[in-house]
Amino acid sequence: MAASTSGRQAWRHLMGNTSRQPASNILRQQQQQYRPAFSRQISSTTRASSRRAVPKSPSFSLRQQPLAQRSYSSGSQGKNTPPKGSNNQVKFWPFVIVIALGSGGYMLLINRQKEMPPTTSTTTGGQGSTPAFSPTDVTVLFVLGGPGAGKGTQCARLVRDYHFTHLSAGDLLRAEQDRPGSQYGQLIKDCIKNGDIVPMEVTVALLENAMRDAIRSSGGKKFLIDGFPRKMDQALKFEEVVCPAKLVLFYDCPEAEMERRLLERGKTSGRADDNAESIRKRFRTFVETSMPVVDHYEKEDRVVKVNATDTPDGVYADTQARLRKVLGDKL
Ligand SMILES: Nc1ncnc2c1ncn2[C@@H]1O[C@H](COP(=O)(O)OP(=O)(O)OP(=O)(O)O)[C@@H](O)[C@H]1O
Ligand SMILES: O=c1ccn([C@@H]2O[C@H](COP(=O)(O)O)[C@@H](O)[C@H]2O)c(=O)[nH]1
């Protein structure tokens with residue numbers, strides 16, 4: 001109860017006085033706040049390069065100079081004296097007109113560039129914005145399933161065999177929770193203990209930054225996003241501003257088996273939520289909040305469902321077979 005109250009307070013803090021702003025602006029503000037902790041270098045590079053895209057001086061004026069000099073010397077018929085008389089005026093006016101037209105065009109270009117939206121999700125957002133990563137360039141598979149269904153276990157095998165980059169939303173949140181100075185530490189801690197969903201701005205930003213870091217450091221562009229999206233708003237926001245997902249890999253497992261696995265894992269995991277009370281709350285959140293996400297993707301025919309009750313190797317064999325069927329060579 002206390003945790004969900006603090007969650008709501010933090011949500012209000014995240015939203016601030018921005019209720020009339022588009023969600024994308026709120027995300028942008030939040031990312032600007034905590035981006036320095038994750039990838040200051042990346043965002044400043046992005047901003048610097050977009051600034052570089054605006055020309056400092058019009059290229060046509062640079063090109064005009066030698067042309068004018070050539071004309072000037074030809075008017076003097078090889079001598080270094082300035083041209084005189086009406087004949088010279090005829091040669092002079094076209095250049096004045098060209099420079100005036102060019103300057104006008106340049107001002108128009110600059111003004112239009114000021115109005116243009118920047119190109120990454122961290123600076124766009126809102127309806128009709130362009131995702132940070134194109135799905136033709138970057139492959140995203142969401143990996144879903146109840147708590148303890150075996151998502152992480154299967155992801156590790158897919159990384160080993162197909163060179164995916166594995167990003168667990170829960171791991172990223174736990175790392176952020178433990179990061180000294182994080183303003184979201186307590187909120188994340190409370191949410192995790194109670195099986196609640198952390199406000200999407202935090203998780204979407206963590207994932208986007210982790211994807212950028214992975215692409216920059218290893219060049220890998222195939223991602224398994226594990227344990228995300230757990231709520232419809234996350235799904236819609238991620239696909240809008242970060243990258244549309246290719247498919248959802250869904251591990252189907254009965255609660256009794258998941259509970260058994262989690263209690264067993266809890267003996268050594270040190271996780272604050274691997275206990276009977278948290279597990280019960282996590283199951284409830286999964287059924288009420290996360291299953292509608294799976295249903296949504298199922299309606300779009302984007303779900304690959306795998307029975308997760310077999311041994312880890314058995315589940316993996318089934319995973320491979322089903323993914324190969326859908327992705328073929330792209331796996
Ligand atoms: N097929 C399986 N059969 C038996 N045990 C399994 C199987 N898959 C995973 N486990 C075990 O169950 C526990 C939970 O697995 P795992 O961490 O992969 O699940 P998860 O879905 O990622 O969980 P969470 O959502 O809590 O992060 C682990 O201790 C793991 O070793
Ligand atoms: O998108 C997400 C993913 C996770 N959480 C919170 O983290 C815990 C643990 O997640 P695991 O995937 O089991 O590691 C989960 O119960 C949520 O509280 C989240 O808020 N949003």
Side-chain angles (χ1 to χ4, degrees), residues 3-4 6-7 10-11 14 142-159 166-178 184-208 210 224-239 242 245 248-275 277-290 293-294 306-319:
S4 65
S6 95
W11 175 242
L14 277 162
F142 290 146
V143 184
L144 294 178
K151 303 179 291 293
T153 303
Q154 296 303 318
C155 284
R157 286 164 161 77
L158 288 166
V159 168
H166 174 213
L167 297 178
S168 153
D171 285 351
L172 289 170
L173 286 167
R174 279 182 285 272
E176 176 60 13
Q177 170 199 297
D178 296 339
Y184 304 111
Q186 191 58 46
L187 165 69
I188 294 171
K189 197 173 183 175
D190 293 341
C191 284
I192 288 182
K193 186 133 195 297
N194 289 307
D196 290 332
I197 308 296
V198 173
M200 67 164 174
E201 276 81 358
V202 177
T203 318
V204 170
L206 286 170
L207 284 168
E208 183 184 344
L224 295 170
I225 310 280
D226 169 3
F228 178 96
R230 275 175 143 94
K231 199 174 173 184
M232 268 319 293
D233 65 348
Q234 292 178 325
L236 298 175
K237 181 55 77 179
F238 183 93
E239 294 207 277
V242 182
V248 174
L249 186 53
F250 173 59
Y251 288 101
D252 192 20
C253 196
E255 267 189 18
E257 174 62 11
M258 295 194 288
E259 184 181 26
R260 191 194 64 73
R261 291 178 189 177
L262 289 177
L263 289 174
E264 186 60 32
R265 187 177 73 181
K267 290 177 186 166
T268 53
S269 69
R271 277 180 56 157
D273 56 351
D274 278 350
N275 59 74
E277 196 188 342
S278 294
I279 290 168
R280 194 171 32 79
K281 292 177 177 172
R282 290 160 73 192
F283 284 165
R284 189 171 161 176
T285 302
F286 175 69
V287 171
E288 290 176 357
T289 313
S290 307
V293 177
V294 179
V306 179
N307 182 331
T309 51
D310 200 352
T311 61
D313 285 344
V315 176
Y316 186 56
D318 203 10
T319 301

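Read the numbers this way: they start at 1 and go in the same order the structure lists the ligands and their atoms.
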Nearest 0.5 angstrom please: [X] [atom1] to [Y] [atom2], how far?
X    : Y    : atom1 : atom2 : result
R282 : S290 : CZ    : OG    : 11.0 Å
L262 : F283 : CG    : CZ    : 5.5 Å
T203 : I188 : OG1   : CD1   : 7.5 Å

Pocket residues of ligand 2, ordered first by chain and then by residue number (heavy-atom cut-off under 4.0 Å): A169, G170, L173, R174, C191, I192, D196, I197, V198, T203, G227, F228, R230, Q234, R271, D273, R282
One pair per line, please: each N/O atom of ligand 1 matched with every protein N/O atom under 3.5 Å away, atom names first, then the distance to 0.1 Å.
from: ligand 1; atom 1: 1 (N); to: R261; atom 2: NH2; distance (Å): 3.4
from: ligand 1; atom 1: 1 (N); to: D310; atom 2: O; distance (Å): 2.8
from: ligand 1; atom 1: 1 (N); to: P312; atom 2: N; distance (Å): 3.3
from: ligand 1; atom 1: 3 (N); to: R261; atom 2: NH2; distance (Å): 3.4
from: ligand 1; atom 1: 17 (O); to: R265; atom 2: NH1; distance (Å): 2.7
from: ligand 1; atom 1: 18 (O); to: G152; atom 2: N; distance (Å): 3.4
from: ligand 1; atom 1: 18 (O); to: T153; atom 2: N; distance (Å): 2.8
from: ligand 1; atom 1: 18 (O); to: T153; atom 2: OG1; distance (Å): 2.5
from: ligand 1; atom 1: 19 (O); to: G150; atom 2: N; distance (Å): 3.2
from: ligand 1; atom 1: 21 (O); to: A149; atom 2: N; distance (Å): 3.3
from: ligand 1; atom 1: 21 (O); to: G150; atom 2: N; distance (Å): 3.0
from: ligand 1; atom 1: 21 (O); to: K151; atom 2: N; distance (Å): 2.9
from: ligand 1; atom 1: 21 (O); to: K151; atom 2: NZ; distance (Å): 2.9
from: ligand 1; atom 1: 22 (O); to: G152; atom 2: N; distance (Å): 2.9
from: ligand 1; atom 1: 23 (O); to: G148; atom 2: N; distance (Å): 3.2
from: ligand 1; atom 1: 23 (O); to: R265; atom 2: NH1; distance (Å): 3.3
from: ligand 1; atom 1: 25 (O); to: K151; atom 2: NZ; distance (Å): 2.7
from: ligand 1; atom 1: 26 (O); to: R265; atom 2: NH1; distance (Å): 3.4
from: ligand 1; atom 1: 26 (O); to: R265; atom 2: NH2; distance (Å): 2.8
from: ligand 1; atom 1: 26 (O); to: R282; atom 2: NH2; distance (Å): 2.8
from: ligand 1; atom 1: 27 (O); to: R271; atom 2: NH1; distance (Å): 3.4

Sequence neighbours excluded, which residues qualify as side-chain contact (heavy atoms from CB on, under 4.5 Å) partners of N307? T309
Are R174 and D171 close enough for a salt bridge, meaning some N to O gap below 4.0 Å? yes
Taking NZ, NE, NH1 and NH2 as the nitrogens, is one of them in R157 or D313 under 4.0 Å from a carboxylate oxygen of the other? yes
Show the numbers, then the answer: is there a side chain to side chain contact (heavy atoms under 4.5 Å, CB included) between D190 and Q186? CA-CA 6 Å; D190 293 341; Q186 191 58 46; 3.1 Å; yes
Using atom types as modelled, flag every donor-acceptor pair under 3.5 Å from a side chain in residues 224-231 to any protein atom, sequence neighbours excluded.
from: D226; atom 1: OD2; to: H166; atom 2: NE2; distance (Å): 2.9
from: R230; atom 1: NH1; to: G227; atom 2: O; distance (Å): 2.7

Looking at R265, R260, E259, which one forms a side chain to side chain contact (heavy atoms under 4.5 Å, CB included) with L263? E259
